[in-house]
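Please read the structure below before turning to the comments.
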Amino acid sequence: MKLRPAPDIPPLRWTPSLQKLRVLTVRQPYAWLIVHGIKDIENRSRRTHIRGPILIQAGASRAEVTPENLAKYQAIGRVRLPEDFEVGGVIGYAEIVDCVRDHGSPWKDPDSWGWVLAKARPLKFRPCRGALGFFRPTWG
């Protein structure tokens, strides 16, 4: 299988309105896949009624960044992943457009709720402590 290079998506500019958005912590490499428009769904154990723009925070854990997982995610997304991932801060933006149990995305886990994402874009890394669920950060 031939892998395509990672999409060259210019990062959004930080604005005062972006800084006010809710933040969702997502582990790497999922966070990178989301903000580059490759992973279009976030699997969660609970549904959400939230719709609209959110910031994606790359959690501090690198537990999912293993050679086996990277090979699997590259195959699903048909994209070459970077060798290193930023962690412990906000790395991008996405919009939650739906919350479903069934979805045609290859990223959808059948036993979870799928938070359908759209209009994802990277942002310049900004350190930010993660939290469970949605949260509003204090920017220092």
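Heavy atoms only: backbone and side chains are in, while hydrogens, waters and symmetry mates are out.
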Original post:
Of the non-hydrogen atoms in I50 and I96, which two are nearest, and what is the gap between them?
Top reply: O-CG2, 3.3 Å
Original post:
When you look at CZ of R47, are more than 12 heavy atoms from neighbouring residues, nucleotides or ligands closer to it than 6.0 Å?
Top reply: yes
**OP:** Provide the closest heavy-atom pair for E64 versus R27 in the form atom of the first, atom of the second, distance.
**Re:** OE2-NH1, 3.5 Å
**OP:** Might you point out which heavy atoms bring W113 and S45 nearest each other, and give the distance in Å?
**Re:** CD1-O, 3.4 Å
Original post:
Any side-chain heavy-atom pair from V116 and V100 closer than 4.5 angstrom?
Top reply: yes
**OP:** State, with a plain yes or no, whether a side-chain heavy atom of L70 is found less than 4.5 Å away from one of F85.
**Re:** yes
Original post:
Stepwise, does the side-chain contact (heavy atoms from CB on, under 4.5 Å) test hold for L24 with R44?
Top reply: CA-CA 12 Å; L24 180 67; R44 295 286 167 141; 3.7 Å; yes
Subject >> Whether W107 side chain and I38 backbone form a donor-acceptor pair below 3.5 Å >> reply: yes
**OP:** Starting from the C-alpha separation in whole Å, work towards a yes-or-no answer on side-chain contact (heavy atoms from CB on, under 4.5 Å) for I34 and L117.
**Re:** CA-CA 8 Å; I34 288 169; L117 305 171; 3.7 Å; yes
Subject >> Counterpart residues, side chain to side chain donor-acceptor pair (under 3.5 Å), relative to S17 (two or more places apart) >> reply: T15
Original post:
Is the number of heavy atoms from other residues, nucleotides or ligands under 6.0 Å of R121 CZ greater than 12?
Top reply: yes
**OP:** Working to the nearest 0.5 Å, report the span between CZ of R101 and NZ of K108.
**Re:** 6.0 Å
Original post:
With A31, which residues qualify under side-chain contact (heavy atoms from CB on, under 4.5 Å), at least two apart?
Top reply: V26, Q28, I56, A58, I91
Subject >> Taking every non-hydrogen atom, the tightest pair across P137 and C128 >> reply: CB-SG, 3.6 Å
Original post:
How many angstroms lie between OG in S112 and CD in E42, if you round to the nearest 0.5 Å?
Top reply: 8.5 Å
Subject >> Heavy-atom closest pair, residues F125 and E86 >> reply: CB-OE2, 3.2 Å
Original post:
Which value, rounded to the nearest 0.5 Å, describes the distance between L123 atom CG and R13 atom CZ?
Top reply: 12.0 Å
Original post:
Should L33 and V87 be regarded as members of a common hydrophobic cluster, given that ILVMFWY residues are connected when their side-chain heavy atoms come within less than 4.5 Å of each other, either directly or indirectly?
Top reply: no
Original post:
Once you round to the nearest 0.5 Å, how far does CG of L21 lie from CD of E95?
Top reply: 9.5 Å
Original post:
Who are the side chain to side chain donor-acceptor pair (under 3.5 Å) partners of D84, not counting sequence neighbours?
Top reply: R62
Original post:
Who passes ring pair (Phe, Tyr, Trp, His ring centres under 6.0 Å) against F134, sequence neighbours left out?
Top reply: W115
**OP:** With sequence neighbours left out, write down each residue that passes side chain to side chain donor-acceptor pair (under 3.5 Å) with H103, or none if nothing qualifies.
**Re:** none
Original post:
Under a single-linkage definition using a 4.5 Å side-chain heavy-atom cutoff for Ile, Leu, Val, Met, Phe, Trp and Tyr, are V35 and I9 assigned to the same hydrophobic cluster?
Top reply: no
Original post:
Once you round to the nearest 0.5 Å, how far does OG of S105 lie from CD1 of I41?
Top reply: 5.5 Å
Original post:
Can you find a heavy atom in the side chain of P11 that is under 4.5 Å from one in the side chain of Y93?
Top reply: no
**OP:** Looking only at non-hydrogen atoms, find the nearest pair between V23 and V90 and report the distance.
**Re:** CG1-CG2, 4.2 Å
**OP:** Can you run down the ring pair (Phe, Tyr, Trp, His ring centres under 6.0 Å) pairs that involve residues 34-83, sequence neighbours left out, and say none if there aren't any?
**Re:** Y30-Y73, W32-H36
**OP:** Give the C-alpha distance, both sets of side-chain angles, the deciding distance and a yes or no for side chain to side chain donor-acceptor pair (under 3.5 Å) between Q19 and R126.
**Re:** CA-CA 10 Å; Q19 293 181 58; R126 183 170 281 186; 3.3 Å; yes
**OP:** To the nearest 0.5 Å, tell me how far T25 OG1 sits from F135 CZ.
**Re:** 4.0 Å
